[in-house]
Amino acid sequence: MPSKIRRRVIPLLLCLMAVFALTGCGPLLELNQKYAHPEIYVNYGTAVSTDISEYVNMDTLSKEEQKYVKKNSSVVYHGNKVSGHKYDRPGTYPLTIYYEDQVYRKYQVTIKDLEKPKFKKAKDVYIFKDTELTDYELQDLLKGMFKATDNSGKVKLKLSHEQINVHKVRNYIVHATATDPYGNVSQAKATFHVQKAEYGAMGTYVYVSIPKQRLTYFVDGKINMSSPVVTGTQGVHDTPRGSYYINSMSTGTRLKGQGYDVTVQYWMAFIGGSFGIHSAQWRGAFGGNIYQYGGSHGCVNMPVYAAGELFQKVDIGTPVIVGD
């Protein structure tokens with residue numbers, strides 16, 4: 001071989017041999033610093049990328065080299081997706097980067113849920129001494145004191161407290177523990193108040209005064225609304241005095257009993273399904289001494305507009321006091 005040709009060919013061959021020895025025929029890849037180790041940790045709720053640009057530093061490559069790398073590489077990931085989402089359930093999954101049909105890098109991707117549940121509600125409850133509550137109803141009131149959410153969409157709520165005696169005026173601290181499916185825990189507390197049933201007491205409740213023939217709705221101990229009413233006919237169908245709570249609510253409810261059959265627009269029961277607060281569209285007047293001679297069969301009658309307003313404000317579990 002002539003010396004001039006040899007001087008040109010040999011360096012070219014050496015260069016080509018070096019390129020093939022390093023990467024086959026493509027540019028060398030440089031990993032981004034965060035992927036230098038074979039373990040990858042990802043927070044729950046974040047999608048795992050399968051874009052080669054996430055793992056390889058493209059800034060060191062020319063545009064032509066970037067195109068080559070993207071065309072001749074792939075990221076294969078085997079995760080367990082959360083239904084309806086692009087991110088995976090907590091666990092450990094394999095991820096492999098292929099380059100020029102060869103395994104370039106293998107990883108173990110660990111999805112971790114480190115976020116604790118959040119309490120959206122931890123609210124005190126006020127009931128009145130001697131309120132008639134079944135164990136089931138009491139548990140419903142206690143559960144209603146708290147609400148917790150979690151990024152997983154699931155949370156288990158556990159309550160702890162002393163045995164509550166509704167016949168004794170006292171305050172009880174209720175502790176709530178919220179746990180998500182991955183063991184993250186949050187805690188909160190609120191107070192269950194057993195207080196004397198009287199007008200102007202703390203809390204949110206309905207007070208019905210039989211002598212004054214007036215219903216007053218309190219929110220956090222302050223008057224929110226008030227309306228004249230007609231209670232049960234005195235001495236015949238007296239509305240029972242005592243402490244209760246709203247146990248059901250409905251609209252367009254048919255009330256039927258001895259001597260009456262009516263459909264009321266708003267119904268808020270507080271003693272079983274027999275005694276409640278409801279609208280009375282057939283009455284032209286409320287308040288005064290109507291209850292002494294022409295009262296109800298025991299329910300608390302309200303003007304339609306006032307019953308509608310109250311219906312929008314109260315909930316099942318709102319205490320009702322019928323007193324003086």
Side-chain angles (χ1 to χ4, degrees), residues 113-209 216-224 239-249 268-277 310 313-324:
D113 180 9
L114 302 177
E115 187 173 330
K116 295 181 179 180
K118 295 179 181 178
F119 276 93
K120 298 294 185 182
K121 180 182 178 184
K123 187 177 181 180
D124 287 5
V125 164
Y126 296 83
I127 70 162
F128 299 99
K129 179 178 175 290
D130 299 325
T131 297
E132 296 297 330
L133 292 174
T134 65
D135 289 341
Y136 180 81
E137 291 167 339
L138 176 59
Q139 290 306 311
D140 270 357
L141 286 177
L142 290 167
K143 290 176 183 177
M145 296 171 68
F146 302 93
K147 183 179 180 181
T149 60
D150 187 68
N151 62 341
S152 68
K154 297 180 180 179
V155 62
K156 183 178 181 180
L157 197 62
K158 183 178 180 180
L159 306 181
S160 62
H161 54 84
E162 294 181 60
Q163 184 173 352
I164 294 173
N165 182 357
V166 298
H167 302 296
K168 183 178 180 180
V169 174
R170 187 183 166 189
N171 297 330
Y172 298 87
I173 303 298
V174 182
H175 297 272
T177 301
T179 307
D180 71 11
Y182 308 108
N184 298 305
V185 175
S186 292
Q187 294 181 324
K189 64 180 180 180
T191 304
F192 190 96
H193 302 266
V194 180
Q195 60 179 338
K196 185 177 180 181
E198 58 186 359
Y199 183 91
M202 277 300 296
T204 297
Y205 58 95
V206 175
Y207 190 94
V208 179
S209 170
T216 306
Y217 176 59
F218 288 87
V219 175
D220 296 330
K222 297 179 180 180
I223 295 175
N224 182 272
T239 301
R241 283 174 165 82
S243 299
Y244 313 98
Y245 76 97
I246 294 174
N247 60 59
S248 68
M249 299 172 62
M268 295 155 274
F270 60 83
I271 302 179
S274 301
F275 294 87
I277 303 165
L310 183 65
K313 293 175 180 291
V314 299
D315 296 300
I316 292 176
T318 300
V320 176
I321 304 171
V322 181
D324 295 329

Show me the side-chain donor-acceptor pairs of residues 121-131 shorter than 3.5 Å, one per line, residues at least two apart or across chains.
unit_1	atom_1	unit_2	atom_2	d
Lys121	NZ	Gly144	O	2.7
Asp124	OD1	Thr191	N	2.8
Asp124	OD2	His193	NE2	3.1
Asp130	OD1	His167	ND1	2.9
Thr131	OG1	Phe128	N	3.4
Thr131	OG1	Phe128	O	2.4

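Residues forming a side-chain contact (heavy atoms from CB on, under 4.5 Å) with Ile223 (at least two apart in sequence, or on another chain): Tyr199, Thr216, Phe218. Not counting sequence neighbours, Asp220 has no partner by the salt bridge (Lys or Arg N to Asp or Glu O under 4.0 Å) test. Asp135 pairs by the side-chain contact (heavy atoms from CB on, under 4.5 Å) definition with nothing, not counting sequence neighbours. By the side-chain contact (heavy atoms from CB on, under 4.5 Å) test, Lys118 is found to be paired with Glu115, Thr149, residues two or more places apart in sequence or in another chain being considered.
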Criterion side-chain contact (heavy atoms from CB on, under 4.5 Å) on Asp150 and Tyr182, from CA distance to verdict: CA-CA 11 Å; Asp150 187 68; Tyr182 308 108; 5.5 Å; no

Going through the distances and angles, do Arg241 and Asp324 end up as a side-chain contact (heavy atoms from CB on, under 4.5 Å)? CA-CA 8 Å; Arg241 283 174 165 82; Asp324 295 329; 3.0 Å; yes

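Considering CG of Asp140 and OH of Tyr245, their distance stands at 6.5 Å, rounded to 0.5 Å. With rounding to the nearest 0.5 Å, the separation of OG1 in Thr134 from CG in Asn247 is 10.0 Å.
Identified under the ring pair (Phe, Tyr, Trp, His ring centres under 6.0 Å) test for residues 132-164, with sequence neighbours left out: none.
The local environment of NZ in Lys156 is sparse, with at most 12 non-hydrogen atoms from other residues, nucleotides or ligands closer than 6.0 Å.
Contact annotation: the side chain of Val322 never approaches that of Phe275 to less than 4.5 Å [non-hydrogen atoms, C-beta and beyond]. Residues Tyr172 and Asn165 meet the side-chain proximity criterion, which asks for heavy atoms closer than 4.5 Å.
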